[in-house]
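Read the structure below first, then the notes.
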Amino acid sequence: MKFQRIVAPVSVAAVAAMLITGCTTTGGGTAAPTGGTVTVAEVNEVTAFTSSTPTANLDMNAKLLGYTRSSFFYLDNKLNIIPDKSFGTVEKTSDDPLTVKYTLAKTATWSDGTPITADDLLLAWAAFSGYFNDASYDADGNVTGGTQYFNYAGDTSGLGLADKPVVGDDNMSITLTYSQPYADWALINPIDAPIHVVADHAGVSQKDLVNAIMTLPRGDAASPAPVNDVLKKAADFWNTGFDATSLPTDKSLYLSSAAFVLDAWVPKESITLVRNKNYKGSLVPKIDKIVVRFIGDAQAQVTALKNGEVDVINPQASADTIKSLQAIKGVTTLTGDQFSYDHLDLTFNTGVFKDAPDLREAFLKTIPRQQILDAIVTPMNPNAKVYDSELFFPGTDGYTETTKVNGASAFDKVDIDGAMALLNGRTPEVRILYNTKNPNRVAAFQAIQASAEQAGFKIIDAGAENWGSLLGSGTYDATIFGWISSGVGVAGVPQIFSTTGGGNYNGYSNAEVDQLATQLQTTLDKKAQDDIQVKIDTQLFKDFYGVPLFVAPGVMANSNSVTGVVYYPGQAGVGWNYWEWAKK
Amino acid sequence: MVSFIARRLIVSVLLLLGAAFIMYQLTALSGDPLEEYYQSRLPNREQLMADRIERLQLNVPAPLRFFLWLGGAAKCLIPFANACDLGLTAQGQPVILLLPQAMTATLQLVTASTVLAIIVGLVVGIVSALRQYTTFDFVMTFISFLLFSLPSFWVGILLKEFIAIGFNDFLSDPVVTPIWIVVLAIVSGLIWLGLIGGDLRRRLTVFAVSGVATAAVLTYFSLSNWFTHPNIGPVFFPIMAAGIGFVISLLIAGIHNKRALLTAGIQAAIAYVCYFALQGLLNISSIYTLMILGLITIAVAWVSGYLVGGPDRGVNIRVGIFTSLLCAGLILIDRLMQAWPTYSNMSAINGRPIATVGSQTPGLGGDIWIQGVDTFTHLLLPTLTLMLISFAGLTRYARAGMLDVLSQDYIRTARAKGMPERVVIVRHAFRNSLIPIATIVASDFGALLGGAIITEQVFAFSGMGAMFQRGLTLPDPNPVMGYFVVIAISAIVFNFIADMTYSALDPRVRVRA
């Protein structure tokens, strides 16, 4: 009796259990193993499927586009422009006026199957040229009139020189004619977001959008035109529509035109890229899948590499990171330069160095450049040498040439006696501004202080946390900080060295340099550009402008199970040649 | 009571506003968001600077900017309007969308460790108090102070080096060498000797028995490839299930309560049957299947406890539920262990199961057991790191609380009445010692969402801590404020709960209305 009392409810429960649980079960089986996956560790997370807007202009977004977008060309690890003919060809058809023709290849296709046409190039041109913008701004940067259409993160002044493109070859090519020569024309890559996606999401038809781009006149801030509704809608979407915090359900937001397409995104953790079935180009990878994991901490990247969780890492360089990498078996450590360098500049328009070339020379003679290099860079990059140019990066052709003639080598060694001879008993006070939060700058300052005081300079520590906003304020005589550059192009040169340049914090003014910098902007030939830059470089050292200290080192590492990983100094990062990677 | 709550709420809101203002100012003043552009050689840097100034409203002084932020944040109070606006980050991402992601990562990271630290901390603390001034007590005191003073990044890196990389290397040739067997046997003997105590002869016996047992188990593991093919197996399962039933009835009902013992026995037996019967169902289970099975387990335990009857059915039912849930846990662990070899041999894992970064292997696939093992291998190290550190404090509090209670008059009275020691400890002392700990546990839970900035960084969990840190580096006040809002509110809420619990637990504390 009692037994039955227990059994009955238990068996009822058991049957019910079988019924209920049966409804919630899943199929058995496990995923088929995949071959040829390479896992890459990156510091930052993706925030957008574009890098053309100021908010999205981050290295990781650009790296994602590197895997998923084809271009007319890419830059190799020596910064040479390598064309990708399977996407399209770039042809300079005339020097005067500068005329460049961009022709798409038949193989260029978006991953949804839509062919890439001149319409897509027109959208990129409209955004990159700032052609239609006619907004004017007040001192605080607020718009006071007119319209800002595309909010492009890059420089619009170069492409802005070109007239409206001429479409040809059955809507497969555009031709740009520049009103004056533009030095960096070869770096223009007029392809961005797919126009059919932008038109769709903006709620306009692609035809109307192309029509608006082809018919609207150039914007003029002095007499702003009424807002064009179609273009405004498209631009508004282009400006923010590709921002994301997780994988959107709408696949058209992350279309690919290269060999890989985004497949999964676990926020804060990883993205997975799989092969694009619609890719017909020639940069065909050997691997099936790329997983990018977001690991901010350099040491965590190293341990993950050691534990086999990632195959390729790209951490922030430090002596500790490199030391622990070199201690791991089965791992190749790649070190090299990055496109940024620390330098010491002197103030020309105020203070002790104003109109005093002898003091400037004496001070520069005391800078212990080798000692600073040994303390900061050598532990990371044992082959590093004192950096001897304000304009060229080591490893480029121009660098070898300029160091022969620019006179920088005169300051390679500390010359206290020479400095004292120039000072002739004077003891000038020198205020040095630097970032007190950056240990490298503090170390450089201390080394310079110790050395310069031997020659009789009185060094005043003008270091500050808010050093950035003090630049150009005239409150210091010398400053130590870093320049970060893209490594290519010459458009940034007048910015720093010409009298009116926005980055000329030092009040440096030399009529010859001004003239050369202007000439540089209209020089089309690479060799001629290099020659002009060598002249500017030489002039800078002749004026005792300052001295470069060192080029920042970078590090990448790969497990030996992956081959084909090559160090890259630029923004494209370790994935720049992903099609050459292979997994053993 | 109502007026007390109202007063608390008003004070909390004022506190929150004041703290938010200070936090915003400190963040905004901590650096220059334009710094990266000062060093840029881009031809259009001026335009980029203007854009950032415009977007982050840098031309509005920070004290006024706070009120712009507050205006958006205040919209969160409108119910169902979905108008919450905590601003955008410098990358143009809405903070309100980033917060849930960061919270998920943080909760994954800290929940298990907090719960485990509380359980282990309480148990160790109470046992130390009961064995005051024994070797065990001294050793635990030493260990807890040692752990308390360890920096988390260092513990994290050590664990990665030895438990992840070291253990993974070991798995490629999982043979425990005789030297290691001897060393581990001696260590385990010493641990048990300290735990159990007694006179010299007893200590020696304990040392010998536990040492030999450890050596035997290790040899068995090593010979049977247990490390690559772990399992509980049909032999050990019933032994462990019976052990669980015995300990649970000992703690809850006392060894003399035959009906409780019977209930526990029935549960262990049912579990053993299920161990065989359910394997087919488990192979194809989803998480919901498991939840339903869990409910059924409780129902069956309740029913059998009720049916066993006797003067105190409640005790039977409790014993039954605890025993059956723990046994069910054992079945799940065994099933996860069965998935281990498959998991370990997957190409994405490549025979190195213990992970050092993140919370999952990207694109792994597989059933819930594979996913479960994957979660385990990823969370093991961060959980251990956090647990080792927070466990220390809890042990101290639990020990002190228990000692305090044990010296009370009513404990002496209870003993004098002739109550069994079990009842004195579990019912009179243990419960009362929990009262002060409630406050600490509540604030621990409040701190859960705050994340663990350093541990997050070491294990690449991009949670609340990372959000705070990234916001502070730029500086970008909006994500920092998002972080602040969440932790400030949770701190206030949990402190409030702690106060309420306190008055509920301890009748001597009265909230003055």
Side-chain angles (χ1 to χ4, degrees), chain A residues 5-6 9-10 13 17 20-21 24-28 30-31 33-34 37 45 47 54-56 58 140-141 151 153-155 157 240 243 245 264 266-270 272 291 293-297 299-300 303-304 306-309 466 468-469 471 481-485 491-492 495-496 502-503, chain B residues 32 34-35 38-46 48 50-54 59 91-93 97-98 101 105 157 160 164-165 168 281 283-286 288-289 292-293 296 299-300 303-304 307 342 346-348 350 352 355-360 362-363 365-367 370 457-460 462 466:
Chain A
R5 258 169 53 198
I6 296 176
V10 168
I20 301 169
T21 50
T24 57
T25 53
T26 61
T30 50
T34 55
T37 302
E45 189 175 10
T47 67
T55 44
L58 302 169
D140 283 342
N151 194 6
D155 179 30
S157 64
T240 56
D243 294 350
T245 53
V266 184
K268 309 282 167 223
E269 292 243 351
S270 65
T272 305
V291 175
R293 301 192 65 167
F294 311 126
I295 305 173
D297 187 49
Q299 199 57 43
T303 328
K306 190 176 178 187
N307 197 28
E309 286 166 85
N466 62 338
S469 52
L471 285 174
F481 71 102
W483 282 129
I484 301 164
S485 109
Q495 183 69 14
I496 311 296
Chain B
D32 189 344
L34 297 177
E35 188 165 312
Y38 290 129
Q39 312 191 57
S40 168
R41 284 179 73 153
L42 291 174
N44 62 324
R45 44 195 286 279
E46 241 98 306
L48 291 173
D51 180 84
R52 179 164 282 182
I53 291 174
E54 169 81 13
N59 44 14
Q91 291 80 41
Q93 297 179 306
L97 291 182
L98 294 179
Q101 293 176 356
I157 288 170
K160 279 182 176 189
I165 293 171
N168 286 339
L281 177 64
N283 286 342
I284 53 166
S285 286
S286 70
Y288 303 104
T289 325
I292 293 168
L293 284 176
I296 293 169
V300 170
V303 169
S304 55
L307 292 180
T342 323
M346 290 173 96
S347 69
N350 202 13
R352 299 188 69 84
T356 62
V357 284
S359 68
Q360 54 175 270
D367 56 17
I370 297 289
Q457 200 178 354
V458 170
F459 292 100
S462 194

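For L48(B), the part sitting under 4.5 Å from any heavy atom of chain A is the side chain, from C-beta outward, and nothing else. Within the 4.5 angstrom heavy-atom criterion, only side-chain atoms of S270(A), from C-beta onward, approach chain B. With a 4.5 Å cut-off on non-hydrogen atoms, N350(B) does not touch chain A at all. Heavy atoms of A355(B) lying under 4.5 Å from chain A belong to its backbone as well as its side chain. When heavy atoms are compared at a cutoff of 4.5 Å, V458(B) approaches chain A solely by way of its backbone atoms N, CA, C and O. Heavy atoms closer than 4.5 Å to chain B are found nowhere in A264(A), neither backbone nor side chain. Heavy atoms closer than 4.5 Å to chain B are found in the side chain of L58(A), but not in its backbone. In this structure, no portion of A299(B) lies under 4.5 Å from any heavy atom of chain A.
A donor-acceptor contact shorter than 3.5 Å is absent between the side chain of D32(B) and the backbone of N466(A). Panel note: side chain E269(A), backbone S359(B); a donor-acceptor pair is recorded below 3.5 Å. Although no hydrogens or angles enter the test, the distance criterion places a donor-acceptor pair under 3.5 Å between the side chain of R293(A) and the main chain of V357(B).
Nearest heavy atoms, Q101(B) versus T245(A): NE2-O, 2.8 Å. Across A460(B) and I295(A), no two heavy atoms sit closer than the pair CB-CG2, 3.8 Å. Annotation for D243(A) and G92(B): closest pair OD2-O, 4.2 Å, computed over non-hydrogen atoms. Among all heavy-atom pairs drawn from W483(A) and Y38(B), the shortest one is CZ3-O, 3.6 Å.
With chain B as partner, the option from A153(A), S485(A), A56(A) having the largest number of non-hydrogen pairs under 4.5 angstrom is A153(A). In terms of heavy-atom pairs under 4.5 Å with chain B, the best-connected choice from D297(A), N307(A), D155(A), V266(A) is N307(A). Across S157(A), S469(A), G296(A), the residue that shares the most heavy-atom pairs under 4.5 angstrom with chain B is S469(A). Top candidate by heavy-atom pairs under 4.5 Å with chain B, chosen from T240(A), T303(A), N151(A), T272(A), is T303(A). Chain A forms the most heavy-atom pairs under 4.5 Å with one residue out of R41(B), Q91(B), Q457(B), and that residue is R41(B).
In this structure, CD on Q39(B) lies 8.5 Å from CG on L471(A), to the nearest 0.5 angstrom.
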CA sep, side-chain torsions, deciding dist, call: Q495(A), E46(B), side chain to side chain contact (heavy atoms under 4.5 Å, CB included): CA-CA 10 Å; Q495(A) 183 69 14; E46(B) 241 98 306; 3.7 Å; yes
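For the pair L98(B) and K268(A), the minimum side-chain heavy-atom distance is below 4.5 Å.
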